Every structure is written in C-alpha cells, then in structure tokens.
Amino acid sequence: MTPPDDAGADQLGAGEYVPEDRRLEALRDAAAGCRGCDLWQRATRTVFGEGNPQALIMLVGEQPGDREDLAGHPFVGPAGRLLDEALERAGIDRKLVYVTNAVKHFSWTPSRGKRRIHKRPTERQIVACRPWLVAEIDAVQPRVVVALGATAARALIGPDVRVSVDRGRTFRGLNGSTVVPTVHPSSILRLIDQPEYEGLMSVFVRDLKAATQARSGRPTSRSR
Ligand code: URA
Ligand code: SF4
C-alpha cells in the first residue's frame, strides 16, 4: 500500500532530526535517518547535498530524481549532465560548488509497469525538509545560492517568487547569502531536440554567470 500525500501531516518535519553538531558530515549522517515527512517510505535513501564544503556558490534543485535516488548523489542523472554543461559554459567549476536539493528524498508515482515518475513535492514536504537546507547553508556559508526552479526558489525566497520574471535577479537569502533564482535544468532537458533548446540554454548560462557576479559583491537587482 502506498500512503497518501498528506500521510506525514501529523509529523513534525526534519527539525527534530537535525543534530547539535552542525558540521556537514554530521548533518549528512543524521539526514540518512530522517523521517520528517512521508517521503522516506518510498525512496531508496536520503540524497544529501555534496560538493565543496567551503563553496562560494551553492546550487539547490528540487529533489533527487530516479537516478539520484539509486546512486545516492545529487544531480548525477540527465538533468545533472545538462547542469554540468551549463556550469562549464558559465565558467563555473563543479568541484568548487556545493550541490543539493530542497527536498532530500525522491518523490515519485508508479507508471506503466516499473517506471518511477517524478512527482512534484508538496508544500508540506518542502517545508518539512527545509531544516536540512537551512543547516547546509549555515554549514557551508556560501555567498550565493542559486535556486534551480520554482521549488527551490520558494524554499529560499518565499511563496511570491516567480522564476519566469525573477530569474537572474538577486534576493536576500539566509545567513547573509544572496539568492539567484533560475529555471530547473529539467525544463531545458525536455526541449533538447527542439529549436528553442540553444536559446534556453544560453539564458540559463547567463543566469549562472549573474550568480558568479553576485558572488563578487555586485548585486544585479533588488531584494524582496
Ligand atoms: N533534479 C533535481 O532537482 N535534483 C537532482 O538531484 C536531480 C534532478
Ligand atoms: Fe526528511 Fe526531507 Fe526525507 Fe522528508 S524528504 S523524510 S523531511 S529528509
């Protein structure tokens, strides 16, 4: 039996699982046992953030996908490859960034046999998982946090952010960071064979470059 979406309604979120030791490795170990919402039940494992523990730039996606759930690492599937290409084009070394997700367990729904189809996390699940994201930002202290897509942007900026309008702008984030929202790489991946692809990719690369400029203390826009 699969639990309904709000099966975690009476659960308290990740907060009670966040350890006193806020170093990344301690956070990662503790997150492996998180039961702060219902998503752990159908996923293989927690996929915690990874990368440079002193990164100046943190990239935040939505949630692990099928491949990430199996591998245990963020952005290692097709969307991750597109992200790698965009980072390279923006002149950002993936080894120097920290990559994570707003939600740490894969949310999916079965479809035609065995395939697991990505299912957007609910607002409740995003809120439940947010303590891990906050703890990662506190531990890494990036200067810039890039929100990849609406889920991350809402978790980092607030419910009113609109990625289509606000992409590439700077917002005041947690712990002195600057948040730059942009699209999710999956939204570009979907159009990989279409004529729009190159244009979408260029704008995505432009947003990533804007984030590196924000890093050097030149905000590109207002805060909300
Ligand atoms: N999409 C995401 O948002 N995060 C991943 O880690 C992979 C795909
Ligand atoms: Fe905990 Fe987040 Fe997983 Fe929910 S999605 S169980 S809050 S780590």
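Just so you know, ligand 1 is whichever comes first in the structure, and atom 1 is the first atom listed for that ligand. Since the structure is predicted, the reported quantities are computational estimates derived from the model, not experimental observations. Note that the numbering runs from 1 along the sequence shown for the chain.
Using a 4.0 Å cut-off to heavy atoms of W132, the atoms of ligand 2 that qualify are 8 (S). Within ligand 1, counting atoms from 1 as listed, the ones closer than 4.0 Å to a heavy atom of G61 are 3 (O).
Not counting sequence neighbours, D29 has no partner by the side chain to side chain donor-acceptor pair (under 3.5 Å) test.
Scanning the protein heavy atoms around atom 2 (C) of ligand 1, the nearest turns out to be Q63 O, 3.0 Å. In terms of protein heavy-atom proximity, atom 4 (N) of ligand 1 is closest to N101 OD1, 2.7 Å.
At least one N/O-N/O distance between F75 and ligand 1 falls below 3.5 Å.
You'll find the side chain of V183 reaches within 4.5 Å of the side chain of R167, heavy atoms only.
Tested against Q63, the residues E68, H118, Q125 include a single side-chain hydrogen bond (donor to acceptor under 3.5 Å, both in side chains) partner, H118.
The OG1 atom of T46 sits 7.5 Å away from atom CZ of R35, with the distance rounded to the nearest 0.5 Å.
One option in H184, E62, R67 has a heavy atom closer to atom 1 (N) of ligand 1 than any other, and that option is H184.
Protein N/O/S atoms found under 2.8 Å from atom 4 (Fe) of ligand 2: C37 SG.
Salt-bridge check for R81 with E85: failed, with every basic side-chain N at 4.0 Å or more from each acidic carboxylate O.
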